[in-house]
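Computation of the quantities below employed the complete heavy-atom set of this structure, encompassing side-chain atoms and omitting hydrogens, waters and symmetry-equivalent molecules.
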Amino acid sequence: MSFDQPRETDAESTSFSGLSAAEARLAALGAHLRAHRLAVELTSTGLKVRNLAAPGCCDENPVLSDKITCRPFDRDGGHLWFFDSSGHPITEAERIVDAVVWVKGRLANRNGLPATEGTL
């Protein structure tokens, strides 16, 4: 076995953490989004992502937010994909950087107004 070739057991190393493959992908996405100064919370129903610097639409949603899920996508042979809260596919779950770009674009502060203070 070559140094740069992982063992087969290393390729899906989510069992040590107790997370499913989908949960592990969401956790990885969450870590990247947190590094980009977005507020994230991994819940049992998905990854709640909020841009505390972008005002939302109303009192119920004071900041821009979305809930990202990860599940098999039938149209792609059952590979894991990220989906937005409307159920639209974002990108394959192994394409974390592409997902970060999509989420940041979706939650961008386009009007330049200050956001309401809030926490998760």
Side-chain angles (χ1 to χ4, degrees):
M1 172 170 53
S2 169
F3 176 73
D4 60 348
Q5 297 294 320
R7 296 181 307 225
E8 189 172 322
T9 56
D10 290 341
E12 289 294 328
S13 61
T14 59
S15 63
F16 71 91
S17 64
L19 297 178
S20 70
E23 291 168 327
R25 293 292 183 183
L26 285 171
L29 176 59
H32 280 81
L33 291 170
R34 188 174 289 116
H36 285 268
R37 298 179 185 232
L38 293 171
V40 298
E41 179 183 7
L42 185 59
T43 70
S44 61
T45 59
L47 182 68
K48 184 187 226 180
V49 184
R50 298 174 20 169
N51 182 354
L52 300 178
C57 65
C58 53
D59 289 339
E60 289 181 18
N61 296 304
V63 297
L64 287 179
S65 63
D66 203 349
K67 185 175 284 186
I68 309 300
T69 58
C70 184
R71 60 181 168 79
F73 191 26
D74 293 337
R75 293 188 341 207
D76 188 30
H79 293 107
L80 290 176
W81 274 61
F82 293 121
F83 293 84
D84 69 8
S85 58
S86 299
H88 294 106
I90 298 171
T91 189
E92 299 93 340
E94 62 270 358
R95 300 184 66 142
I96 300 289
V97 173
D98 292 344
V100 168
V101 170
W102 186 93
V103 171
K104 285 184 69 178
R106 172 112 173 179
L107 301 182
N109 186 356
R110 300 192 196 296
N111 56 15
L113 299 173
T116 305
E117 291 295 320
T119 59
L120 283 175

Please tell me whether [X] and [Y] are part of a single hydrophobic cluster in this structure, the criterion being side-chain heavy atoms less than 4.5 Å apart.
| X | Y | value |
| --- | --- | --- |
| F82 | W102 | yes |
| V103 | F73 | no |
| V100 | F83 | no |

Acceptor/donor pairs from residues 58-66 side chains to any protein atom, 3.5 angstrom cut, sequence neighbours excluded:
from, atom 1, to, atom 2, distance (Å)
D66, OD1, S85, N, 3.1
D66, OD1, S85, OG, 2.6
D66, OD2, R106, NE, 3.2

Spatial distance of atom CD1 (I68) from atom CG (L29) [nearest 0.5 Å]: 7.0 Å

For T43, what residues pass the side-chain contact (heavy atoms from CB on, under 4.5 Å) criterion, not counting sequence neighbours? E41, T45, K67

Could you work out, with side-chain contact (heavy atoms from CB on, under 4.5 Å) as the rule, every residue matching E92, not counting sequence neighbours? D76, W81, E94, R95

Summary of ring-ring contact (aromatic ring centres under 6.0 Å, His included) pairs that have at least one residue in residues 32-53, sequence neighbours excluded: none

Where do [X] and [Y] come nearest, in terms of heavy atoms and distance?
| X | Y | answer |
| --- | --- | --- |
| C70 | R25 | SG-CB, 4.0 Å |
| T69 | G46 | CG2-CA, 4.3 Å |
| L19 | A27 | CD1-CB, 4.3 Å |
| V40 | R34 | CG2-NH2, 2.8 Å |
| A99 | I90 | CA-CG2, 4.3 Å |

List, by chain and number, the other hydrophobic cluster members for L80, where Ile, Leu, Val, Met, Phe, Trp and Tyr join if side-chain heavy atoms come within less than 4.5 Å, directly or indirectly. none

Verify, without hydrogens or angle tests, whether D98 (side chain) and T91 (backbone) share a donor-acceptor contact under 3.5 angstrom. no

